[in-house]
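Note sheet for the following structure.
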Amino acid sequence: MGSLPFVLQVVLPRSGAVPTNSAIVLQGHVQGALSVSARAAGVDVDVTLEAAPELGPRAPGTYRMWLVRPAAGVWPSGGTVVLTATREPQEPAVLEVPIASAPDLTPPVLSSISPPETMVFGGPREPSREVVVLLHRGLVDEASPLVIVTLEAGGSILTGSVLEGMAGALPMPPGGATALDAITLADLAGNAVRITNPCTETPASEPPAPEAPAPAPPPAPFTCIAGAIMAEGDEWFATTDAGTENGFSRGHYRANESVAGDLEISFTATRLSDDHGMPIEVAFRGGFFAATGTSSCFLYESDANWTGWQSTPTPTGPGPLTLRVVQRGAEVSGFVDGVLAGSLTLRSPTSEGPVGVFFKGPPGKRALMRFRDFAVRSLAPPAPSSRPVGRLVWGGYDVGVGDAHPAGAANPSGEPWDFAVLATEDEDTILARVWLATIESRVVADFEFDDALDGQVDEAVLPLLVEGFFGDEGHTLGYYRNPDRFDQARLTNLRTGSSWWFSWESIDEQVQEMKASPAFVPRDMR
């Protein structure tokens with residue numbers, strides 16, 4: 001196995017070789033920072049290094065196990081990976097690690113576990129203390145020398161790692177619960193199994209050998225890119241990795257089936273860990289749509305093209321979130337609980353590519369999530385437009401005259417609303433109704449699209465509303481666009497609750513960007 005100083009060594013699975021999709025385990029007592037590099041077949045391999053999670057507190061600098069993974073993809077199969085582990089002030093250790101020819105696709109097996117019982121622990125340097133523990137006869141996994149255990153009891157969760165095959169005691173999660181609700185076992189390749197009420201069941205110590213060759217399993221719905229995922233009835237139980245890159249841990253599950261062309265992606269998810277400010281995300285072709293349990297969301301293609309953090313159209317909480325993305329060409333719209341939350345025009349759209357589920361957790365911790373009803377649907381081409389024909393014109397009424405605002409005749413400042421309509425000149429068909437008010441230092445415009453727009457999204461007419469009211473040649477001849485009186489304007493779609501803020505410095509640029517949308521309705525519709 002090469003140069004193996006006693007302070008640091010490789011821990012191999014009982015099979016004798018590390019599966020291609022698993023982590024390499026290093027064990028030792030290392031003070032100070034540890035860094036690892038890797039080579040396979042004479043080629044450098046970028047790797048990540050993380051400390052294996054501990055079941056209980058441990059002093060900084062005394063972690064005994066580390067996990068080494070490829071930064072992307074899997075280990076080269078059937079060969080040897082040479083690790084160079086550097087830690088000051090010792091000399092580097094060169095560690096040769098055999099790699100198996102296949103991935104690990106089997107989750108760990110629980111032999112048996114006892115109900116919680118109180119035991120007394122102590123030593124020469126510490127007083128005796130009572131601890132509630134769960135005795136087990138070993139966690140079995142031929143391809144993983146380490147099993148990641150997550151214990152759930154009374155709403156409290158405890159995660160850590162346990163040596164494969166060794167019997168011992170697991171501490172109960174803090175919180176005072178007297179019964180274990182569930183235990184999740186995950187190997188280093190991301191295969192996992194969750195057992196509810198484990199102390200009342202007696203699983204076999206080894207999986208029973210089939211009498212006849214088992215039929216081939218159905219194609220897996222997801223490929224796990226990061227974290228771990230497993231089926232549980234008609235739901236999926238998922239965890240993030242424990243990474244710290246970019247300031248979060250991540251779970252990414254790529255759907256193995258997708259569709260070409262326009263599509264819709266949706267699922268409903270609930271976080272099981274107390275990190276509801278972190279996002280749950282739809283991975284669409286070319287980017288991500290994210291929402292949190294703290295009423296924030298965004299659409300993202302790149303750092304140079306994203307919506308930024310926005311408020312969700314309705315408040316969200318720690319309960320289930322239903323996310324949906326509609327992707328038509330370069331246009332992407334995100335919905336939270338059935339309500340449009342925002343839209344984005346992609347700069348590099350593609351008609352094919354993977355989609356899936358993504359979520360983030362705090363750095364260095366394994367966040368937990370459950371999701372269901374994941375679906376990818378192909379969208380039919382838009383039906384020929386039944387829009388009215390003619391030139392669009394504005395019509396206005398005196399203050400306090402016209403259709404009543406749905407919220408009442410008076411605006412928030414107590415004055416009557418100013419009212420106007422957008423209509424067709426030829427057919428006199430009303431397309432949008434707009435109520436305007438000036439409230440302190442801002443202008444407020446609430447609008448409703450008429451059914452004549454045939455369900456068009458906000459991008460269809462919103463630029464006309466902005467330009468028509470706030471442009472230099474607009475409906476009010478620029479009356480509202482007065483920096484000496486008002487700082488900015490807010491437009492709100494009364495049907496969806498979506499809002500947009502415009503500052504006078506950026507309004508012209510934003511209108512031009514909106515007019516570039518394929519959904520935009522030009523002023524002359526003939």
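The first residue of the sequence shown is numbered 1, and numbering continues consecutively from there.
The environment of E245 atom CD is sparse: at most 12 non-hydrogen atoms of other residues, nucleotides or ligands sit within 6.0 angstrom.
Partners of T307 by side-chain contact (heavy atoms from CB on, under 4.5 Å), not counting sequence neighbours, listed by chain and number: F298, L299, Q310, L344. Remark: R324 engages E264 in a salt bridge (Lys or Arg N to Asp or Glu O under 4.0 Å) (not counting sequence neighbours). F335 is linked by a ring-ring contact (aromatic ring centres under 6.0 Å, His included) to nothing, counting only residues two or more places apart in sequence or in another chain. A search for ring-ring contact (aromatic ring centres under 6.0 Å, His included) contacts involving H252 returns F358, not counting sequence neighbours. The salt bridge (Lys or Arg N to Asp or Glu O under 4.0 Å) check on R69 picks up E50, with sequence neighbours excluded. Judged as a side-chain hydrogen bond (donor to acceptor under 3.5 Å, both in side chains), and not counting sequence neighbours, the contacts of T292 are T294. Judged as a side-chain contact (heavy atoms from CB on, under 4.5 Å), and not counting sequence neighbours, A72 has no contacts. By the side-chain hydrogen bond (donor to acceptor under 3.5 Å, both in side chains) test, N191 pairs with D187, sequence neighbours left out. With sequence neighbours excluded, no residue forms a ring-ring contact (aromatic ring centres under 6.0 Å, His included) with F237.
Counting only distance, with no hydrogens or angles, the side chain of S111 and the backbone of G138 share a donor-acceptor pair below 3.5 Å. Listed for the R347 side chain is no donor-acceptor partner under 3.5 Å among the backbone atoms of E301.
Residue pairs meeting the side chain to side chain donor-acceptor pair (under 3.5 Å) criterion with at least one partner in residues 138-148, sequence neighbours excluded, do not occur; the list is empty. Sequence neighbours left out, the pairs with a member in residues 271-290 that pass salt bridge (Lys or Arg N to Asp or Glu O under 4.0 Å) are R271-D275, E281-K360.
Checked against a 6.0 Å centroid threshold, the rings of F267 and F222 do not count as neighbours.
Heavy-atom minimum distance, S156 versus P174: OG-O, 2.6 Å. P116 and A179 make their closest contact through CG-CA, 4.3 Å (heavy atoms, listed as atom of the first residue, atom of the second, distance).
A donor atom on one side chain and an acceptor atom on the other are not found under 3.5 Å apart for T150 and T184. S22 and D104 share no donor-acceptor pair across their side chains, judged by distance under 3.5 Å alone. No side-chain donor-acceptor contact under 3.5 Å links S295 and S311. For the residue pair T20 and S77, no side-chain donor N or O sits within less than 3.5 Å of a side-chain acceptor on the partner.
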Side-chain donor/acceptor pairs under 3.5 Å, residues 37-46, sequence neighbours excluded:
unit_1	atom_1	unit_2	atom_2	d
R39	NH1	D44	OD1	2.5
R39	NH2	G42	O	2.3

